[in-house]
Amino acid sequence: MQPYTLTALRDALGNVDAATRKTARMPRHSFTPAVEERDYLGWRDPSAPQRGYIFVDGVSGPEGIMLTKTRTRNSVKRAVMCEFCRIPRRFEQVALFTAPTSQLQRDQSTLGTYLCVDLDCNARVNALRPLTPLDPPAEELIAARRQQLAQRSLAFVRDVLERASQR
Ligand SMILES: [Zn+2]
């Protein structure tokens, strides 16, 4: 990802109204991995923890969406997989996020997907190492997974934005 200002990121949120865009906050921590080492930029809002943001590099700047983390049912204790990085994780490390598909608040339509709770798939993907001697070297492994991560995150953001633009 390229680095962007908070103003540019707020303006890029295409699935919420202007008033909601203004309330988006940057995380209090610095990004690890760094923004440049990420295939999408995501974080949970420090002032509204159920809220998250995902941004991808668009043709002429960032493209982004706001999502809401749904409450997890603690009875479901199984391994789950994030739809972006596809790395199996413990159930509490993956959550269902729903993104509004309309800028109109009265319109309740959403699109949902399971994602790493901290919206930081690159922390896992960039740390991948070969598990057996038959696996490709780490750089190849990571490069291939990062390409898939970039494609999946871009596809989801575009899907939400496309629906939002039609309402
Ligand atoms: Zn993930």
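Remember, predicted model here, so these are calculated numbers, not experimental data. Whatever order the structure lists them in is the order used to number ligands and atoms, beginning at 1.
Residue Glu63 holds its CD atom at 4.0 Å from CZ of Arg158, rounded to the nearest 0.5 Å.
Under the side chain to side chain contact (heavy atoms under 4.5 Å, CB included) criterion, Arg146 pairs with Glu37, Asp39, Asn122, Val125, Asn126, Ile142, sequence neighbours left out. With sequence neighbours excluded, the residues satisfying side chain to side chain contact (heavy atoms under 4.5 Å, CB included) with Arg28 are Pro46. Here Arg51 pairs with Thr23, Tyr53 under the side-chain hydrogen bond (donor to acceptor under 3.5 Å, both in side chains) rule; sequence neighbours left out.
Counting only protein N, O or S atoms, the number found under 2.8 Å from the Zn ion (ligand 1) is 4.
Aromatic ring centres of Tyr40 and Phe84 lie closer together than 6.0 Å.
Remark: side-chain polar atoms of Gln93 are not paired, donor with acceptor, to backbone N or O of Val117 under 3.5 angstrom.
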